[in-house]
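Atoms considered below: every heavy atom in the structure, side chains included; atoms not considered: hydrogens, waters and symmetry mates. Below, chains carry the letters A, B, ... as their sequence lines are ordered, and counting in each starts from 1.
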There are 2 protein chains.
Amino acid sequence: MTVSATEVARRVLLFEQALRSEGFRVSHQRLEVACEIARSDSHPDVETIYRGVRERIPTISLDTVYRTLGELERLGLIGRVIATPGPARYDSNQAPHHHFVCQRCGLIRDLYGECLDSISAPDQTAPVGRVEGVEVRFHGVCHECTRKEPRHE
Amino acid sequence: MTVSATEVARRVLLFEQALRSEGFRVSHQRLEVACEIARSDSHPDVETIYRGVRERIPTISLDTVYRTLGELERLGLIGRVIATPGPARYDSNQAPHHHFVCQRCGLIRDLYGECLDSISAPDQTAPVGRVEGVEVRFHGVCHECTRKEPRHE
DNA sequence: GTTACTGCAAACTTTTTGCACGACA
DNA sequence: TGTCGTGCAAAAAGTTTGCAGTAAC
């Protein structure tokens, strides 16, 4: 929850413009879902986004949240982070970045580094397919989890 | 399905030894599941492993496959590959490696490269947690999918 | 006033769990 | 022979879909 207010506003405006230009209607449900995901940098899952939006729209349904997230993903406005088992998690940070994943609690933290963005694929990759992007994932244990349970094998 | 026979034998023996040393019983169901995952390098999902094992043990149940894969994972003998949405996929390749993931069909190919193994985390990571490993994931479209549907936007 | 969107409910997929029978040690 | 593992079935978790009323344009 440390995304700046101006960045949130910028992202929500982008969502709204994209919806309009694609012929989608701009409902307040969609705007609130967009706002909820835009303001978070903790890669929330669908249930968490649902709870957040429900504070402002108590009648919104979980399936609307699912549908909206699916639309935003198809429009390329948010990304699905596939890094932990269980529920799908989303990321509204569309700048190239990498991740640290805590193997105990599932915390995901964005990392930046040009040297990581520019890693090129080994030669073995060429016969398999065309590379379009790279993501480096560091896994380990976050300090919070280490503090709670230092010896865990 | 290009894992050499000796490598499969080596992995299955390792499974068996680990089961015994941990006090687990060596049932033929467990051995067949272990064999099925050991012989594959295509990161099969549970359903695929289930179908494979059923050719040799037609009465095996899906939940036994789930349980066995969970045990093997907890013993550190196989890894769960979290790279595609949907069913969990497993990997019996425990050597350090990286992945190419096709965004259309979900194909996953192992990649090797010492320079990838030794990537160090950016300084921003230190305050977050202790890094234990790194995996580089290249995503794109495999040649097979490009051939089938060249223009896909 | 249309037409797309929402909420509800039900279905579907993937995974987990409880229990009694059967198999490993 | 005792205990663990298996298969069956049911439940739980996560996600998708059909439909009728509602809201955006």
Rounding to a whole Å, what distance do you find between [X]:[atom1] and [N]:[atom2]?
X: B:Asp45; N: C:dT13; atom1: CG; atom2: C1'; result: 12 Å
X: A:Glu32; N: C:dC5; atom1: CD; atom2: P; result: 18 Å
X: B:Glu16; N: C:dC24; atom1: CD; atom2: C1'; result: 13 Å
X: A:Glu71; N: D:dT17; atom1: CD; atom2: P; result: 13 Å
X: B:Glu22; N: C:dA25; atom1: CD; atom2: P; result: 15 Å
X: B:Ile57; N: C:dG22; atom1: CD1; atom2: C1'; result: 15 Å
X: B:Ile82; N: D:dG14; atom1: CD1; atom2: P; result: 14 Å
X: B:Arg30; N: D:dT6; atom1: CZ; atom2: C1'; result: 9 Å

field: Degree of bending in the helix from C:dG1-D:dC25 to C:dA25-D:dT1 once both end axes are built from five pairs, to 10°
entry: 40°
Would you say [X] places a side-chain N or O within less than 4.0 Å of OP1 or OP2 belonging to [N]?
X: A:Thr64; N: C:dG7; answer: yes
X: A:Ser27; N: C:dA4; answer: no
X: A:Ser61; N: C:dG7; answer: yes
X: B:Gln29; N: D:dG7; answer: yes
X: A:Thr59; N: C:dT6; answer: no

field: Heavy-atom check, side chain of B:Glu132 versus side chain of A:Val141, under 4.5 Å
entry: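 Contact flag for B:Glu132/A:Val141 side chains = yes.
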- prompt: Are B:Leu107 and A:Val128 close enough that some pair of their side-chain heavy atoms sits under 4.5 Å apart?
  reply: yes
task: For A:Arg25 and for A:Thr68, locate the closest nucleotide of DNA chain C by heavy-atom distance; then report the residue assigned to the nucleotide nearer the 5' terminus.
output: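 Between the two, 5'-proximity favours A:Arg25.
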Distance-minimising heavy-atom pair for [X] and [Y]:
X: B:Arg11; Y: B:Ser92; value: NH1-OG, 2.6 Å
X: B:Ile82; Y: A:Arg137; value: O-NH1, 3.4 Å
X: B:Ser40; Y: B:Pro44; value: OG-CD, 3.4 Å

message: Would you say A:Val46 ends up clustered with A:Leu72 if hydrophobic residues are merged whenever their side chains have heavy atoms under 4.5 Å apart, either directly or through other cluster members?
response: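 Yes.
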query: Should A:Glu55 and A:Arg51 count as an ion pair when the cut-off is N to O under 4.0 Å?
result: no
So which protein nitrogen or oxygen atoms get under 3.5 Å of nucleotides 14-17 of chain C's nitrogens or oxygens?
unit_1, atom_1, unit_2, atom_2, d
C:dT15, OP1, B:Ala88, N, 2.9
C:dT15, OP2, B:Tyr66, OH, 2.4
C:dT15, O5', B:Tyr66, OH, 3.3

Aromatic ring pairing A:His43/A:His99, orientation class (parallel under 30°, perpendicular over 60°, tilted between): perpendicular
field: Value rounded to 0.5 Å, distance of CG in A:Leu14 from CG in A:Leu77
entry: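 With rounding to 0.5 Å, CG (A:Leu14) is 6.5 Å from CG (A:Leu77).
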message: I'd like to know whether A:Glu71 forms a salt bridge (charged side-chain N to carboxylate O under 4.0 Å, His left out) with A:Arg30, so could you lay out the CA-CA distance, the side-chain angles of the two residues, the decisive distance to 0.1 Å, and finally the verdict.
response: CA-CA 10 Å; A:Glu71 289 155 6; A:Arg30 280 180 178 157; 3.0 Å; yes
message: Can you tell me which nucleotide in D:dC25, C:dA25, C:dG7 comes closest to the side chain of A:Val26?
response: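 Nearest to the side chain of A:Val26 among the choices is D:dC25.
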task: Select one nucleotide: of D:dG7, D:dG5, C:dT6, the one nearest the side-chain heavy atoms of B:Phe24.
output: D:dG5
